[in-house]
Asks: 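Below you will find the structure I want to go over with you.
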There are 2 protein chains.
Amino acid sequence: MNTQVSRRTTAQQVLERLREHILDGDYPPGAKLDETSVAKELGVSRTPLREALFGLERDGLLTHEPFRGRIVARNDDAAVAEIFPILGALEALAVRMSGAYPPETLSKLDDVNRRITEPGVSPGLRHGFDQAWHQTLVADCGNPRLIELIERHRAIAARHDGGEARGMADAPGSTADHAEIVEALRDRRNDDAAALLERHWNDGVAVVAEWRAQAAKQEKKST
Amino acid sequence: MNTQVSRRTTAQQVLERLREHILDGDYPPGAKLDETSVAKELGVSRTPLREALFGLERDGLLTHEPFRGRIVARNDDAAVAEIFPILGALEALAVRMSGAYPPETLSKLDDVNRRITEPGVSPGLRHGFDQAWHQTLVADCGNPRLIELIERHRAIAARHDGGEARGMADAPGSTADHAEIVEALRDRRNDDAAALLERHWNDGVAVVAEWRAQAAKQEKKST
DNA sequence: CATGTGCACATTGTACACAATATGCAAACG
DNA sequence: CGTTTGCATATTGTGTACAATGTGCACATG
């Protein structure tokens with residue numbers, strides 16, 4: 001069916017496409033992945049699909065129960081409480097390993113951070129800017145493995161659980177944290193920035209939990 | 001061929017067995033994994049084997065080039081330089097997240113550390129004790145995801161590269177570090193212990209590089 | 001009416017067959 | 001003599017068939 005011109009294998013492509021779909025919320029947390037349907041949907045047979053599923057499962061994006069199917073991993077408060085501190089430690093390390101941040105990087109960080117708070121941007125976009133900010137922060141640490149690891153964990157933790165509860169991170173405190181961190185970096189106080197960053201992620205656990213509780217309450221009201 | 005009584009799937013079992021083999025050095029870094037041979041060796045068909053391989057690849061234990069096969073991941077100086085700091089940050093986090101270490105855990109740590117230096121133990125065993133020490137250190141941090149993550153990275157970094165260059169970590173400085181860390185933990189100074197631990201791993205990069213250079217020199221002499 | 005049992009169906013797991021690609025060698029060519 | 005081209009062979013990638021297991025419902029039974 002496919003003419004196989006690519007250098008990448010079907011399973012690899014499927015893995016990446018599925019990953020994107022999960023991150024975009026097309027397959028939300030808790031959704032069951034029916035092999036036959038998904039295979040048909042992507043136009044491949046079950047064999048490469050299953051190989052991709054195995055990889056994603058190993059990434060922590062899927063959970064698997066033998067003979068009962070695969071589920072997109074939940075991202076509940078418990079998961080956040082486990083992952084956010086890990087991200088804090090890893091990004092802090094990346095900041096410490098980075099040298100002096102060049103002016104253009106610093107202004108990019110400021111710029112992106114400013115856009116997070118700009119009025120009129122959709123919550124989804126705001127969330128995207130937040131992601132971009134963190135990505136820029138660690139991009140030049142010189143440890144590709146670390147970057148990849150951070151990326152994977154952010155992928156797990158960044159998805160919205162609880163049935164498309166939108167509204168994410170208006171985060172008045174969050175952008176203030178970001179600004180403070182950039183300021184430290186401008187002064188070449190990377191260690192201080194790292195410490196702030198770690199606290200930022202740890203605070204995030206409570207922030208997300210609070211925000212979700214609010215969203216759940218609103219959800220109930222509108223029913 | 002198999003009566004399939006187990007609750008775990010063949011692919012999962014194969015993944016774990018292969019993982020053990022790789023960690024034990026039965027498949028040393030750089031070894032090519034021929035699918036047909038390995039499948040025959042483990043008594044399964046290629047399908048579940050390939051699924052397992054995909055998982056291990058995602059773990060970073062294997063590298064893959066389309067149509068050219070899979071290789072057990074190298075663990076050269078570059079890899080060590082990337083992974084050791086990550087392990088340092090993660091284990092430091094685990095120590096900080098742990099509460100007060102109970103006396104029995106502290107004496108276990110002391111005990112295991114003592115065995116590392118005991119004369120007459122094989123290098124392999126010594127290495128095993130070192131692993132056990134670090135495992136005990138993080139076991140009660142209360143973050144299973146973190147423990148799993150540490151375990152996986154230790155799996156990658158703990159393998160001996162460069163053709164079974166044995167002799168590992170006599171580490172006179174290493175056990176001294178361990179002792180100092182336990183002392184800090186006894187005083188409930190977890191943050192100090194965490195900082196020491198991070199330095200311990202960072203120093204490890206140079207130690208391993210040095211040790212390997214020596215081993216390589218000896219290798220050449222005996223040829 | 002509640003509960004348990006067994007069968008039909010759906011879905012996942014495994015094996016195998018075939019297709020696509022890489023590799024090594026031998027012969028042709030300059 | 002070195003280089004290149006083309007084929008034979010080995011290995012990996014994908015599709016498909018079949019086996020094993022879980023699920024839900026109808027029906028019997030107390």
Side-chain angles (χ1 to χ4, degrees), chain A residues 1-19 21-22 26-74, chain B residues 1-19 21-22 26-74:
Chain A
M1 180 178 245
N2 75 28
T3 353
Q4 193 74 15
V5 186
S6 65
R7 209 29 103 215
R8 271 152 67 241
T9 213
T10 309
Q12 294 174 344
Q13 296 175 326
V14 167
L15 190 148
E16 288 172 27
R17 286 188 59 188
L18 269 182
R19 202 182 126 94
H21 275 134
I22 292 172
D26 301 337
Y27 298 107
K32 174 166 182 188
L33 296 184
D34 179 74
E35 295 184 359
T36 315
S37 323
V38 176
K40 204 169 291 177
E41 206 169 315
L42 299 181
V44 298
S45 90
R46 280 176 60 220
T47 308
L49 169 66
R50 280 173 58 87
E51 293 170 347
L53 291 176
F54 245 82
L56 291 173
E57 182 191 339
R58 212 60 192 161
D59 272 13
L61 232 43
L62 260 42
T63 61
H64 174 49
E65 198 125 8
F67 291 104
R68 300 189 51 185
R70 289 183 174 79
I71 304 279
V72 178
R74 293 275 175 199
Chain B
M1 181 179 247
N2 73 28
T3 351
Q4 193 74 12
V5 186
S6 64
R7 206 34 99 212
R8 271 150 70 240
T9 214
T10 310
Q12 294 174 342
Q13 295 175 326
V14 166
L15 190 147
E16 289 173 28
R17 286 188 60 187
L18 269 182
R19 202 181 127 93
H21 276 134
I22 292 172
D26 301 337
Y27 298 106
K32 175 167 182 189
L33 295 185
D34 178 74
E35 294 184 0
T36 316
S37 324
V38 176
K40 204 169 293 177
E41 207 168 315
L42 299 182
V44 298
S45 90
R46 278 177 60 222
T47 308
L49 170 65
R50 280 173 58 88
E51 293 171 346
L53 291 175
F54 244 82
L56 291 172
E57 181 192 341
R58 214 59 193 162
D59 272 14
L61 233 42
L62 261 42
T63 62
H64 173 49
E65 198 127 7
F67 292 103
R68 299 190 52 186
R70 289 181 174 81
I71 303 279
V72 178
R74 293 274 176 204

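Naming convention: chains lettered A, B, ... in sequence-line order (proteins, then strands); numbering from 1 in each chain.
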Asks: Between B:P29 and B:A73, what is the shortest heavy-atom contact and its length?
Replies: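 Result for this residue pair: CB-O, 3.5 Å.
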Asks: Let me confirm one number: the CD-CG distance from A:E35 to A:L53, rounded to the nearest 0.5 Å.
Replies: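 Going from CD on A:E35 over to CG on A:L53, the span is 6.0 Å.
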Asks: Heavy-atom nearest nucleotide on DNA chain D for A:E51 versus A:P66: which residue maps closer to 5'?
Replies: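 First, find each residue's nearest nucleotide; the 5'-ward one identifies A:E51.
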Asks: Enumerate the ring pair (Phe, Tyr, Trp, His ring centres under 6.0 Å) contacts for residues 26-47 of chain B, please, sequence neighbours excluded, ordered by first and then second residue.
Replies: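 Every ring pair (Phe, Tyr, Trp, His ring centres under 6.0 Å) pair that includes a residue of residues 26-47 of chain B, provided the two are not neighbours, is B:H21-B:Y27.
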Asks: Give the rounded distance in Å between these two atoms: NZ of A:K40 and C1' of C:dT11.
Replies: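 Atom-to-atom, A:K40 to C:dT11, this comes out as 13 Å.
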Asks: Is a donor-acceptor contact shorter than 3.5 angstrom present between the side chain of B:R68 and the base of D:dG13?
Replies: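 Between D:dG13 and B:R68, which were checked side chain against base, a qualifying N/O pair under 3.5 Å is absent.
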Asks: Check the distance between D:dT12's C1' and B:L33's CG and give it to me in whole angstrom.
Replies: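 For the pair B:L33 CG and D:dT12 C1', the rounded distance is 13 Å.
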Asks: Rounded to whole Å, how long is the line connecting atom CD of A:E57 with atom P of C:dT12?
Replies: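 Going from CD in A:E57 over to P in C:dT12 covers 13 Å.
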Asks: Below the 4.0 Å mark, does D:dT11 have OP1 or OP2 next to a side-chain nitrogen or oxygen of B:H64?
Replies: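 False: B:H64 side-chain N/O out of range (4.0 Å or more) of D:dT11 OP1/OP2.
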Asks: So how far is it from A:R70 CZ to A:L56 CG, rounded to the nearest 0.5 Å?
Replies: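 If we round to the nearest 0.5 Å, A:R70:CZ and A:L56:CG are 9.5 Å apart.
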Asks: Could you tell me the separation between the CZ atom of B:R50 and the P atom of C:dC16, rounded to a whole number of Å?
Replies: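 Going from CZ in B:R50 over to P in C:dC16 covers 16 Å.
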Asks: OP1 or OP2 of C:dG13 sitting under 4.0 Å from any side-chain N/O of A:R70?
Replies: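 Indeed, a polar side-chain atom of A:R70 lies that close.
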Asks: Side-chain N or O of B:T9 versus OP1/OP2 of C:dT14: is the shortest distance under 4.0 Å?
Replies: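 Affirmative; the distance criterion is met.
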Asks: To the side chain of B:F67, which of C:dA22, D:dT21, C:dT14 is closest?
Replies: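 Nucleotide nearest to B:F67's side chain: C:dA22.
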Asks: Is there a donor N/O on one and an acceptor N/O on the other, under 3.5 Å, for the side chain of A:T47 and the base of D:dT16?
Replies: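 It does, because a donor-acceptor pair links the side chain of A:T47 to the base of D:dT16 below 3.5 Å.
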Asks: Could you tell me whether a side-chain N or O of A:S45 sits under 3.5 Å from a main-chain N or O of A:T47, the two making a donor and an acceptor?
Replies: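 Yes, because the side chain of A:S45 sits within donor-acceptor range (under 3.5 Å) of the backbone of A:T47.
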Asks: Whole angstrom is fine here: how far is it from NZ in B:K32 over to P in C:dA22?
Replies: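 Those two atoms, NZ and P, are 12 Å apart.
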Asks: Using atom CG of A:L49 as one end and atom P of D:dG15 as the other, report the distance to the nearest whole Å.
Replies: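 So the CG-P distance, A:L49 to D:dG15, works out to 11 Å.
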Asks: Please give, in whole Å, the distance from C:dG13 C1' to B:L15 CG?
Replies: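 B:L15 atom CG is separated from C:dG13 atom C1' by 16 Å.
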Asks: Grab the CZ-P distance between A:F54 and C:dT14 for me, whole Å please.
Replies: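 In whole Å, C:dT14 P lies 8 Å from A:F54 CZ.
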